[in-house]
2 protein chains.
Amino acid sequence: MTKADIHDVAKAAGVSISTVSRAFTRPDLVSDKTRRRVLDIADRLDFNISRSATALKSGRTNRVALLMNEEITSWFNTEVFAGLESVMHPAGYDISLFQHIDTAENRREFFTDLPIRRNVDAVFVASFAIDPPEVEQLKRIHVPIIGINIPSTTGFDASISIDDEEGMYRATQHLIGLGHRHIVYPCSEATDMDASIDARGRGFIRACEGASARRGDLDWRVLSVPRGPEFVDSALSALLALDEFPDAICCQMDMMAIPMIIKLERYGRRTPRDYSIIGFDDSIYAREMGLTTMRQDPRAMGRSAARKALRLINGEELDAGKAHETVEAQLVLRDTDAPYTAS
Amino acid sequence: MTKADIHDVAKAAGVSISTVSRAFTRPDLVSDKTRRRVLDIADRLDFNISRSATALKSGRTNRVALLMNEEITSWFNTEVFAGLESVMHPAGYDISLFQHIDTAENRREFFTDLPIRRNVDAVFVASFAIDPPEVEQLKRIHVPIIGINIPSTTGFDASISIDDEEGMYRATQHLIGLGHRHIVYPCSEATDMDASIDARGRGFIRACEGASARRGDLDWRVLSVPRGPEFVDSALSALLALDEFPDAICCQMDMMAIPMIIKLERYGRRTPRDYSIIGFDDSIYAREMGLTTMRQDPRAMGRSAARKALRLINGEELDAGKAHETVEAQLVLRDTDAPYTAS
DNA sequence: TTGAAAGCGGTACCAT
DNA sequence: ATGGTACCGCTTTCAA
């Protein structure tokens, strides 16, 4: 017995295939009795509407693309994915994931082949910059393009981004406000890919330059180390190589701050007794560590982006001025910051 | 100008739609010259083969389902997903994710509605137990069912699982071998869902009972605390409430071990000076923490499961005895274990 | 090597 | 409320 199709169900139920179809997709157009019988028989026959057929007929694909810079396994990317999924899945969409749109080669391959062309109903771009020619190529697929944490909204139909620059500015201001005068910003080197990270560095610098101009006694510096699995150790050794250990450390992200706290403890440096440290993200273990940090909520961003996408797919207008959204990071005060005390 | 379809391309290239189709899917059947021209024009017209149409015609869906107990955001689930994705995506498959198949209600809903019926080419079940009636329902969709970390292979066409019981047995043996005689196993309460977790507890108990029988001087206990975001704090307070602080702590997972180390440090308990501790998973920050742990590689399991699925989808047989695989966890020695010394 | 045409499994318009 | 039917966009014989 091969799989039953719509005709088998129609026959078994003594109705036409139109009625079977309607019983599934427009139940209100079918009499109660008929609908119940049809659905019952369909269930018995293991029948279900084919998404491929529906997609073909409707001209939609019921699929969206998600472009990511690196891997989905990073905290940020996973959360974004979970947020998108929580809205798109119930709406009947699959998410087709394209990771590692990061190296020049991968990018070129993706943007010239454009494998998603005519095969997705929307495209999400998560946390990387695409340059103008790439935007142009993307637009050729003629579907909404929604950005998540993107540096420029040019070419995007909608977006939601965190204000990294302002967030890190406020984090730095917080440390300065506590009286710290020797502040270090350990970070992995800027890439032209990860705009979020770069913006954070600018926020740190702006806060420090402002404070310096106002008071003049601020000793601050950026400790830039190569990217890679060893970046924390690199930052750590750079930190320990300084003439004087800083009062305060402003971290590019929690993933820098958390191991750093653990390792500094092994060198006898304890927070907040010996130094204040602040993270960025409020990601895994931040709460357990008691890490003071700037919280962002990538899952909520994913949800918001998904809702915008659904509206655009359905041809609805986004409320004026609501297409592009910026959200602020929130300072979460915990146990790794304290007022400066001469030691 | 509306989107070009296969006819537009055919016309522009002066060939039939058959030739356009073949130029994409069976390039070898089309003359070089023709193929080049067709593909060129297709590109110019932003044309691409429709996956929906291909799927419909071929009877395949180019989609697989992934069933998860909780959320994709857990370390294990993310890694499994990444592993599956790395194989399935290049093979042309989307992964349709079904999270939270955990509560009785969600399960019932999923298994009776069976929304994936006739709409996926394979089903992956990640780290939860499905009971016999549920297996029966799943089988009604008549596609391969592949398990990842499942307690029983009954009803599955293929599977790959880690041997949690043996892994935790060896972890415990390691601590006993170091001379520790007072060992505690903090864990969150067993559920009938998460079989991995339960098996680990059994491994701990088996090791302890064995050692007790052999030598008799072992003081061991399981510290079971309610699940939830506070489970580490619950375990910690239970631990500190013991009459005597243990020599060694055997953790159900790294997510228990890592915060515990950090928090114990604040109570003056340092590892490995005051106690040994071992984790399970080798997940995030384990390396940076220097945590001695049992490593598992869920990403590799995802890849393996995906490869099995592709073979089954293509009607190939799996090598005899290779359908169901069990892998061992690996002991990773780092800095949180040391021989027992009277203190 | 290429073209014509019959479906794949539905949807939705038009009748009744 | 229900049925008949053209068609969605491609794949694949079968012929030429």
Notebook entry, point to check: Any salt bridge between B:R63 and B:D94, counting N to O under 4.0 Å?
Noted result: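 No salt bridge links B:R63 with B:D94.
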
Next item on the list: Grab the CZ-P distance between A:R37 and D:dA1 for me, whole Å please.
Entry: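 Taking CZ of A:R37 and P of D:dA1, I get 15 Å after rounding.
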
Notebook entry, point to check: Quick one: do the A:T73 and A:E71 side chains pair a donor with an acceptor below 3.5 Å?
Noted result: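 Distance-only check passes for A:T73 and A:E71.
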
Checklist line | Any donor-acceptor N or O pair under 3.5 Å, side chains B:S161, B:S159 | finding: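 Note: B:S161 and B:S159 side chains miss the donor-acceptor criterion.
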
Margin query: Looking at B:T19, I'd like to know whether one of its side-chain N or O atoms comes within less than 4.0 Å of OP1 or OP2 on C:dT2.
Written below: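 It does not, given that no N or O in the side chain of B:T19 lies less than 4.0 Å from OP1 or OP2 of C:dT2.
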
Next item on the list: Find the distance A:N62:CG to D:dG9:P and express it as a whole number of Å.
Entry: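 These atoms are roughly 15 Å apart.
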
Note to self: Output the rounded distance in Å from CG (B:L29) to P (D:dT12).
What the structure shows: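 Result: 10 Å.
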
Side-chain donor-acceptor distances from residues 311-322 of chain A under 3.5 Å, at least two apart:
residue : atom : partner : partner atom : Å
A:N314  : OD1  : A:R60   : NH1          : 3.4
A:N314  : OD1  : A:R60   : NH2          : 3.1
A:N314  : ND2  : A:L310  : O            : 3.0

Margin query: Assess whether a salt bridge exists between A:K11 and A:D8, defined as any Lys/Arg side-chain N lying under 4.0 Å from an Asp/Glu carboxylate O.
Written below: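 No, this pair does not count.
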
Next item on the list: Please report, rounded to the nearest Å, how far the P atom of C:dT1 is from the CG atom of B:D32.
Entry: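 To the nearest whole Å, that distance equals 10 Å.
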
Notebook entry, point to check: D:dT12 P sits how many Å from B:R60 CZ, rounded?
Noted result: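 Result: 11 Å.
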
Checklist line | Nucleotide D:dG9, atom P - distance to NZ of B:K11 in whole Å | finding: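 Atom NZ in B:K11 sits about 14 Å away from atom P in D:dG9.
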
Check: Aromatic rings B:F81 and A:F81: how do their planes relate, parallel, tilted or perpendicular, breaks at 30° and 60°?
Finding: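 Tilted: the ring planes of B:F81 and A:F81 meet at 30° to 60°.
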
Checklist line | Footprint string (nucleotides 4-12 of chain C, 5' to 3'): B base within contact, S backbone only, - free, heavy atoms under 4.0 Å | finding: BB-BBBBBB

